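Please read the structure below before turning to the comments.
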Amino acid sequence: MNSPLGLFDSGVGGLTVLSRLLQRHTDVSCLYMADTARLPYGEKQPAEIREIAEEIVIWLSAQKVSAILMACNTTNSLGFDVVKKHSGVPVFGLISAAVDMIPEGKRIGVLATPATACSGAYGSEIKKLQPGAFVIEQACPAFVPLIEAGKVATEELRHEAIQYVQPLLEAQVEVVVLGCTHYPLIMPLLKQLFPANVLFVDPAVGLVKQADKILGEPKRKLRPIVSVSSSRFCVTSDPSGFADRATPWLGVRPEVQLVSLRSKACFF
Ligand code: DGL
């Protein structure tokens with residue numbers, strides 16, 4: 001594999017970014033790193049999240065990736081500067097991509113992990129472009145653990161979701177930003193809980209368009225079904241569990257390799 005694109009997340013959430021990327025750029029080689037040993041990131045303190053971001057970017061750089069797509073909002077909100085500093089290759093983030101996708105003059109709700117919501121990163125980035133914007137950022141602590149546990153279509157998840165969306169409904173938001181890459185995996189549920197005219201923004205859509213800067217404009221139309229045959233998957237714990245969890249979202253069971261982020265060994 002020559003100079004793959006590097007994507008990283010704590011778990012399966014970043015696969016929503018990988019899928020968007022492969023729908024647009026079908027033939028690109030990717031290295032997907034899921035730091036499953038430390039999932040969920042959203043419960044951690046900012047300093048630890050920044051350390052994690054640094055470790056991952058150093059490891060990805062040692063694998064000679066040609067660019068990094070941050071498929072994780074939590075590290076994006078708290079460690080974008082760290083990743084830029086250590087990467088030595090182009091870095092693309094979700095938050096700036098999302099901000100460009102939000103129409104002006106709308107009331108905006110952001111659903112995110114506790115760390116992302118507490119960082120206020122979405123609010124401050126949105127207000128750079130739209131200074132008077134109304135933005136409400138809502139932490140959703142139960143979502144990532146439940147999604148990773150495969151409890152997507154459960155009453156338990158629905159119960160939690162109802163609590164989280166309530167403040168956004170009361171604030172009469174018109175736009176909902178999916179501020180965690182795991183959340184597109186529960187879109188059917190989220191759609192049920194908001195009025196039909198609410199616009200959902202998946203930052204991955206904008207992120208993969210930004211990647212055109214290095215990959216060029218796509219030659220073909222978007223492909224609804226993606227092939228991950230040119231992608232490699234690495235995790236920091238439980239490769240077979242990750243393969244199980246990834247299978248429904250990828251449509252195939254990926255081969256997954258266990259790696260240590262502290263080892264710089266290049267294994268491709
Ligand atoms: N999917 C990631 C994000 O977008 C991380 C979620 C987590 O591990 O808490 O923030």
Side-chain angles (χ1 to χ4, degrees), residues 6-21 30 32-57 60 68-80 82-83 91-99 101 109-123 125 137-152 157 160-161 164 176-187 190 200-208 233-238 241-242 245-246 249-250 261:
L7 290 85
F8 72 92
D9 184 39
S10 57
V12 294
L15 298 177
T16 62
V17 181
L18 180 70
S19 298
R20 295 270 189 202
L21 179 70
C30 296
Y32 184 90
M33 154 55 65
D35 185 15
T36 43
R38 290 183 286 196
L39 180 139
Y41 286 169
E43 307 287 323
K44 299 189 190 309
Q45 293 301 311
E48 190 181 352
I49 292 165
R50 289 174 67 76
E51 276 168 27
I52 288 172
E54 182 174 334
E55 247 179 48
I56 292 178
V57 68
L60 283 174
I68 294 176
L69 269 63
M70 295 182 75
C72 167
N73 289 270
T74 307
T75 45
N76 191 162
S77 63
L78 289 150
F80 188 68
V82 176
V83 175
V91 177
F92 299 94
L94 291 154
I95 299 177
S96 58
V99 167
M101 295 168 68
V110 180
L111 297 173
T113 66
T116 300
C118 284
S119 77
Y122 266 100
E125 280 301 311
E137 294 173 80
Q138 174 66 42
C140 310
F143 277 173
V144 169
L146 288 173
I147 293 168
E148 288 285 343
K151 296 182 175 175
V152 170
L157 185 85
E160 298 294 345
Y164 301 149
V176 173
V177 179
L178 303 172
C180 169
T181 52
H182 282 75
Y183 301 173
L185 301 174
I186 54 167
M187 262 316 281
L190 294 175
F200 285 93
V201 169
D202 179 354
V205 173
L207 177 67
V208 303
F233 298 88
C234 296
V235 292
T236 51
S237 75
D238 189 18
F242 178 83
R245 294 194 294 281
W249 309 120
L250 294 176
L261 289 178

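Order of listing sets the numbers, starting from 1, for every ligand and every atom in it. Every value quoted in this text rests on a predicted model; they were computed, and no experiment measured them. If you read the sequence from its start, that first residue is 1, and numbering goes on from there.
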Separation of [Y] [atom2] from [X] [atom1] (nearest 0.5 Å):
{"X": "Arg50", "Y": "Phe80", "atom1": "CZ", "atom2": "CZ", "answer": "12.5 Å"}
{"X": "Lys44", "Y": "Thr74", "atom1": "NZ", "atom2": "OG1", "answer": "10.5 Å"}
{"X": "Thr181", "Y": "Phe8", "atom1": "OG1", "atom2": "CZ", "answer": "10.0 Å"}

Handout entry: Test applied, side chain to side chain contact (heavy atoms under 4.5 Å, CB included); reference residue, Pro114; option that passes from Pro40, Pro141, Cys140
Key = Pro141

Handout entry: Nearest neighbour in protein (non-hydrogen) for atom 9 (O) of ligand 1
Key = Gly42 N, 2.8 Å

Exercise for the section: Look at Arg38 together with Glu55 and state whether they make a salt bridge at an N to O cut-off of under 4.0 Å. Expected result: yes

Record the part of [X] in heavy-atom contact with ligand 1 below 4.0 Å; permitted values are side chain, backbone, both and neither.
{"X": "Thr74", "result": "both"}
{"X": "Thr113", "result": "side chain"}
{"X": "Val144", "result": "side chain"}
{"X": "Cys180", "result": "both"}

Handout entry: Atoms of ligand 1, numbered as shown, that sit under 4.0 Å from any heavy atom of Ser10
Key = 5 (C), 6 (C), 7 (C), 8 (O)

Practice task
Check ligand 1 against Asn73 and write out every atom of the ligand that is under 4.0 Å from a heavy-atom position of the residue.
Solution key: 3 (C), 4 (O), 10 (O)

Exercise for the section: Would you mind finding which of Tyr41, Phe143, Tyr183 brings a heavy atom closest to atom 7 (C) of ligand 1? Expected result: Tyr41

Exercise for the section: Could you label the plane-to-plane angle of the Phe143 and Tyr183 rings as parallel, tilted or perpendicular, counting under 30° as parallel and over 60° as perpendicular? Expected result: perpendicular

Exercise for the section: Consider ligand 1: state whether an atom of it lies below 4.0 angstrom from any non-hydrogen atom of Asp9. Expected result: yes

Problem - Polar contact flag, side-chain donor to acceptor under 3.5 angstrom, Tyr41-Asp9 - result: no

